[in-house]
Amino acid sequence: MAHTRSLVSASAATSPLTFPPSPRHRLRAVDRDEVARVVDFLPPGATWLPAPQHTLPALPGQPPMVGYLVLVPADQQPTVALAPPAPKAPSTTGDALVRIDPAQRTAEVDGAVLDLTYLEFELLAHLVAHPHRVHSRDQLVTTVWGYGHVGDGRTVDVHIARLRRKLGTAHRGAIQTVRRVGYKYAP
């Protein structure tokens with residue numbers, strides 16, 4: 001491993017370039033010719049080495065990406081948080097008519113929990129997540145059923161009819177048919 005570099009600490013590394021000390025460790029983009037001080041982001045005792053080129057993503061028309069593998073001893077916890085914790089997402093989505101709880105995989109209409117199959121729930125959650133947007137039958141098959149689904153647009157029609165029946169007569173009009181195109185959710 002000729003490219004392996006072991007680091008004792010960030011202050012032990014010497015460089016002809018001087019960088020101002022950063023009050024917070026944040027990731028940032030660097031220019032192609034800029035030398036980034038990776039050692040400032042690594043905990044003491046960490047080892048880093050270039051990632052194999054075949055493991056990095058490649059974008060068409062762009063130069064190849066560069067990546068590194070960081071190895072930390074098993075008995076040592078990283079002292080630097082590389083990214084702030086993600087904000088907690090709300091547990092429910094939807095509107096005043098339909099509430100979707102993706103964690104518990106439940107859908108409520110006027111406070112009543114609907115008894116939905118897996119695909120019915122996925123279809124309703126997708127429609128509620130994109131209100132007033134018209135979805136073609138092919139888009140719904142691709143998004144909800146996935147690329148491996150073998151079937152036609154009639155499958156979507158059957159599931160929409162079941163969803164409307166389960167929403168009840170008062171709310172069945174929330175899923176609207178756009179003739180010769182597909183469906184949309186309009187609360």
- prompt: Atom CD of Gln176 and atom OH of Tyr183: how far apart are they, to the nearest 0.5 Å?
  reply: 12.5 Å

- request: Report yes if the side chains of His171 and Pro187 come closer than 4.5 Å at any heavy-atom pair, otherwise no.
  value: no

same_hphob_cluster(Tyr118, Val98) at 4.5 Å side-chain heavy-atom cutoff: yes

task: Dump the intermediate steps for side-chain contact (heavy atoms from CB on, under 4.5 Å) on Asp138 and Val156, then the final yes or no.
output: CA-CA 9 Å; Asp138 290 337; Val156 176; over 6 Å; no

query: Nearest 0.5 Å, what's the CD1-CD distance between Ile100 and Glu108?
result: 9.0 Å

- request: Please round to the nearest 0.5 Å and tell me the distance separating atom CG of Leu114 and atom OG1 of Thr106.
  value: 9.0 Å

Nearest-0.5 Å distance, CG of residue Leu123 to CG of residue Leu127: 5.0 Å

- request: Identify, with sequence neighbours excluded, every residue that meets side chain to side chain donor-acceptor pair (under 3.5 Å) alongside Thr177.
  value: Arg164

query: In Å, rounded to the nearest 0.5 Å, how long is the span from NE2 of His126 to CG of Leu140?
result: 5.5 Å

message: Could you measure the distance from the CG atom of Leu124 to the CD1 atom of Ile160? Nearest 0.5 Å is fine.
response: 8.5 Å

query: Can you list every salt bridge (Lys or Arg N to Asp or Glu O under 4.0 Å) pair that touches residues 113-134, not counting sequence neighbours?
result: Arg105-Glu122, Glu120-Lys166

